[in-house]
Amino acid sequence: QKEVEQNSGPLSVPEGAIASLNCTYSDRGSQSFFWYRQYSGKSPELIMFIYSNGDKEDGRFTAQLNKASQYVSLLIRDSQPSDSATYLCAVDTGANSKLTFGKGITLSVRP
Amino acid sequence: ETGVTQTPRHLVMGMTNKKSLKCEQHLGHNAMYWYKQSAKKPLELMFVYSLEERVENNSVPSRFSPECPNSSHLFLHLHTLQPEDSALYLCASSQSYSYNEQFFGPGTRLTVL
């Protein structure tokens with residue numbers, strides 16, 4: 001059973017802080033990794049993807065991948081109240097190209 | 001707007017009704033997906049179509065029946081559902097079946113009475 005685990009949270013950070021969201025996965029053959037943001041009552045929105053070990057930066061967002069330790073994380077710098085949402089980690093094992101999603105972690109940014 | 005639309009946005013149905021959910025993508029993608037999202041559970045993949053052919057069926061009960069008449073349209077036909085089928089049903093598309101950046105529609109909030 002391929003699994004993607006995220007701490008359920010919620011995670012609360014003050015405005016301007018760094019929010020760190022973590023995700024672990026069980027399948028060593030996983031090829032690509034995605035972070036989706038889902039606002040309450042809305043559908044998931046793709047915000048980051050990463051394929052290679054290391055860091056990938058896009059504005060205030062940084063995705064970090066460590067395949068040896070089987071984790072992927074999302075850092076949000078200078079957190080804003082508008083970042084308050086549920087963040088879903090998704091992993092593509094490459095076999096059948098099916099995305100497996102974690103349960104998501106809810107982030108709350110306090111003004 | 002992601003380029004993926006779904007109708008209806010909300011649906012209430014009795015257990016004996018027949019209804020259909022519709023999804024349309026305007027992105028020129030070749031793969032389309034149906035997901036079920038229930039509270040406190042991960043997104044569950046239900047069906048995958050690639051170039052109008054079903055390539056994945058994740059042990060979904062037969063009361064859910066997908067249809068993909070062309071690469072831009074996807075339907076989910078519903079028949080004799082159960083209250084536990086109440087959930088958010090999300091459609092997604094990606095450029096191809098092997099290229100997994102998926103873009104989601106707004107979803108249909110389904111309530112089965």
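Here is how names work: the chains are called A, B, and so on, in the same order as the sequence lines, proteins then strands, and each is numbered from 1. Only a predicted model underlies this, so the values are computations on that prediction, with no experimental measurement involved.
Partner of B:Pro42 under the side chain to side chain contact (heavy atoms under 4.5 Å, CB included) criterion, out of A:Lys103, A:Glu3, A:Gln6, A:Glu5: A:Lys103 alone.
Note that the CZ atom of A:Phe101 and the CD atom of B:Gln37 stand 9.0 Å from one another [nearest 0.5 Å]. The distance from the CG atom of A:Leu88 to the CZ atom of B:Phe104 is 8.0 Å, given to the nearest 0.5 Å.
The interface of residues 45-62 of chain A with chain B, defined by heavy-atom distances below 4.5 Å, comprises A:Leu46, A:Phe49, A:Tyr51.
In this structure, chain B has a heavy atom under 4.5 Å from the side chain of A:Gln38, while its backbone stays farther away. Looking at B:Leu43, both its backbone and its side chain come within 4.5 Å of chain A, counting heavy atoms on both sides.
Atom CG of B:Leu27 has more than 12 heavy atoms from other residues, nucleotides or ligands within 6.0 Å. For A:Asn7, the CG atom sits in a loose shell: 12 or fewer heavy atoms of surrounding residues, nucleotides or ligands are nearer than 6.0 Å. The number of heavy atoms from other shown groups lying within 6.0 Å of CD (B:Glu53) does not exceed 12.
B:Phe47 and B:Tyr33 fall into different hydrophobic clusters, where Ile, Leu, Val, Met, Phe, Trp and Tyr residues are linked whenever their side-chain heavy atoms come under 4.5 Å apart, directly or through other members. Note: the hydrophobic cluster containing B:Val60 does not contain B:Phe75 (ILVMFWY, side chain heavy atoms under 4.5 Å, direct or indirect links). In the hydrophobic clustering of this structure, B:Val55 groups with A:Leu99; members are Ile, Leu, Val, Met, Phe, Trp, Tyr whose side-chain heavy atoms approach within less than 4.5 Å, directly or through other members. Residues B:Tyr49 and B:Tyr35 do not share a hydrophobic cluster, defined by chaining ILVMFWY side chains whose heavy atoms lie under 4.5 Å apart. Taking hydrophobic clusters as Ile, Leu, Val, Met, Phe, Trp and Tyr residues chained together by side-chain heavy-atom distances below 4.5 Å, A:Ile105 does not share a cluster with A:Leu75.
When all heavy atoms of A:Ser43 and B:Pro106 are compared, the closest pair comes out as OG-CA, 3.7 Å. Across every non-hydrogen atom of B:Glu101 and A:Phe34, the tightest pair is CG-CE2, 3.6 Å.
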